[in-house]
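Scroll down for the structure; my scribbles are underneath it.
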Amino acid sequence: MLAPVDWGRGYVARTPAASTPGTWAVLGEDCRWEREKLPRGVLASTSRYSRLAAGGGRGAVTVTAVATVHGSALGADEQLSATLEEVLRCPEQRPRSAERITGLMSLGTPFGAREQQYADDSVLEAGTYAENGGAGQPYRWMVARLGTVVVAVSVTGGAGNTEQELNELGSKALAKMLTRIEQRLKGK
């Protein structure tokens with residue numbers, strides 16, 4: 001899992017800083033995200049929430065890191081399939097009561113396709129995030145699977161943060177998490 005410092009200098013924990021143990025995020029029929037008890041086949045799931053304050057002519061950057069361990073690779077693969085389907089069912093989602101993500105699109109890329117060489121499978125979601133009815137900001141949700149482990153990062157940046165910068169931030173964070181997973185799976 002990434003701590004605030006792993007995202008870069010100046011990042012601090014949000015409130016709450018982490019998810020409730022023994023739960024994971026589920027998209028309800030009403031397209032609102034909520035935490036539910038871990039289902040059978042999911043061994044553990046943790047989310048950590050961090051933020052970089054606005055400054056230097058740039059709006060705040062909000063990030064999330066998630067790691068979920070499944071009992072089987074099939075279970076982990078089903079999580080990625082569900083991620084792709086959720087965008088079709090809910091192109092507009094509410095992560096928290098005052099937050100809204102709109103215009104969501106997703107793209108799945110298995111290992112070897114489109115030069116994807118870093119994970120068994122991956123999903124990218126892109127859309128626009130707004131809080132308290134404010135201006136929309138670029139939103140990215142990057143998910144990857146290695147064996148039975150699914151890791152994900154979300155990145156949202158305010159004015160002055162380019163989409164390229166936000167994509168690079170998310171890609172580097174996801175790569176750090178995948179490297180840590182590879183090292184753990186190899187017993188290093």
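Sequence positions, counted from 1, serve as the residue numbers for this chain. Note that these values count all heavy atoms, side chains included, but never hydrogens, waters or copies made by symmetry.
Residues Ala65 and Leu2 share a closest heavy-atom pair of CB-CB, 4.0 Å. Pairing each heavy atom of Ser72 with each of Thr148, the nearest pair is C-CG2, 3.5 Å. Across all their heavy atoms, Ser45 and Ser19 have their closest contact at O-OG, 4.3 Å. Closest approach of Arg14 and Ser50 over heavy atoms only: CD-O, 3.3 Å. Of all the heavy atoms in Ala13 and Pro4, the pair that sits closest is N-CG, 3.6 Å. The heavy-atom pair separating Ala76 from Gly147 by the smallest distance is CB-O, 3.6 Å.
Taking 4.5 Å as the limit, every side-chain heavy atom of Glu92 sits out of range of all side-chain heavy atoms of Ile101. Between Val61 and Tyr11 there is a side-chain heavy-atom pair separated by less than 4.5 Å. Looking only at side-chain heavy atoms (C-beta outward), Gln137 and Thr128 stay at 4.5 Å or farther from each other. With a 4.5 Å cut-off on side-chain heavy atoms, Thr64 and Arg48 do not count as touching. The shortest side-chain heavy-atom distance between Thr68 and Val149 does not fall under the 4.5 Å cut-off. Side chains of Trp141 and Thr83 form a contact here, defined as non-hydrogen atoms less than 4.5 Å apart. Between Lys37 and Thr23 the shortest side-chain heavy-atom distance does not fall below 4.5 Å. Between Val12 and Trp7, the closest side-chain pair of non-hydrogen atoms is not below 4.5 Å.
When hydrophobic clusters are built by joining Ile, Leu, Val, Met, Phe, Trp and Tyr residues whose side-chain heavy atoms come closer than 4.5 Å, directly or via intermediates, Tyr49 is not grouped with Val66. Residue Leu27 is not grouped with residue Leu80 when hydrophobic side chains (ILVMFWY) are merged at heavy-atom distances under 4.5 angstrom, including chains of intermediate members. A continuous path of hydrophobic side-chain contacts links Leu43 to Ile181 [ILVMFWY only; heavy atoms under 4.5 Å]. Under a hydrophobic clustering in which Ile, Leu, Val, Met, Phe, Trp and Tyr are joined whenever their side-chain heavy atoms come within less than 4.5 Å, directly or via other members, Met1 and Val155 fall into the same cluster. Val151 and Leu166 fall within a single hydrophobic cluster, where Ile, Leu, Val, Met, Phe, Trp and Tyr are joined by side-chain heavy atoms under 4.5 Å apart, directly or via other members.
With Ser122 contributing its side chain and Ala144 its backbone, the two residues share no donor-acceptor pair below 3.5 Å. Asp121 places no side-chain N or O within donor-acceptor distance of the main-chain N or O of Arg145, the cut-off being under 3.5 Å. At distances below 3.5 Å, not a single donor-acceptor pair connects side-chain atoms of Asn161 with backbone N or O atoms of Arg58. Put simply, the side chain of Lys176 gets close to the backbone of Asp6: a donor and an acceptor are under 3.5 Å apart.
With 3.5 Å as the limit, one finds a donor-acceptor pair spanning the side chains of Arg51 and Thr62. For the 3.5 Å distance criterion, the side chains of Glu36 and Trp24 fail to qualify, holding no donor opposite an acceptor. When only modelled atom types and interatomic distance are considered, Glu165 and Thr162 share a side-chain donor-acceptor pair under 3.5 Å.
Ring geometry, Tyr129 versus Tyr139: the interplanar angle falls under 30°, so the pair is classed parallel (tilted spans 30 to 60°).
For the pair Glu131 and Arg96, the salt-bridge criterion is not met [side-chain N within less than 4.0 Å of a carboxylate O].
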Full working for side-chain contact (heavy atoms from CB on, under 4.5 Å) between Leu146 and Leu178: CA-CA 8 Å; Leu146 277 178; Leu178 288 168; 3.7 Å; yes

Start with the C-alpha distance between Val69 and Val42, add both sets of side-chain angles, then the distance that settles side-chain contact (heavy atoms from CB on, under 4.5 Å), and finish with yes or no. CA-CA 6 Å; Val69 181; Val42 177; over 6 Å; no

When you look at Met105 and Glu125, which way does the side-chain contact (heavy atoms from CB on, under 4.5 Å) test go after all the steps? CA-CA 6 Å; Met105 296 183 295; Glu125 287 184 7; over 6 Å; no

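Among residue pairs with one or both ends in residues 67-101, those qualifying as disulfide (SG to SG under 2.5 Å) are Cys31-Cys90; sequence neighbours excluded. Annotation: disulfide (SG to SG under 2.5 Å) contacts involving residues 51-81, sequence neighbours excluded, are absent.
Rounding to the nearest 0.5 Å gives a distance of 7.5 Å between OG of Ser97 and CZ of Arg32. In this structure, CG on Asn167 lies 12.0 Å from CG on Leu174, to the nearest 0.5 angstrom. Atom CD of residue Glu163 and atom CD of residue Glu168 lie 12.5 Å apart, to the nearest 0.5 angstrom. We find the CZ-CG distance between Arg89 and Leu84 to be 13.5 Å, quoted to the nearest 0.5 Å. Expressed to the nearest 0.5 Å, how far CD of Glu99 lies from OG1 of Thr156 amounts to 8.0 Å.
Residues satisfying the side-chain contact (heavy atoms from CB on, under 4.5 Å) criterion with Ser171, sequence neighbours excluded, are Met142.
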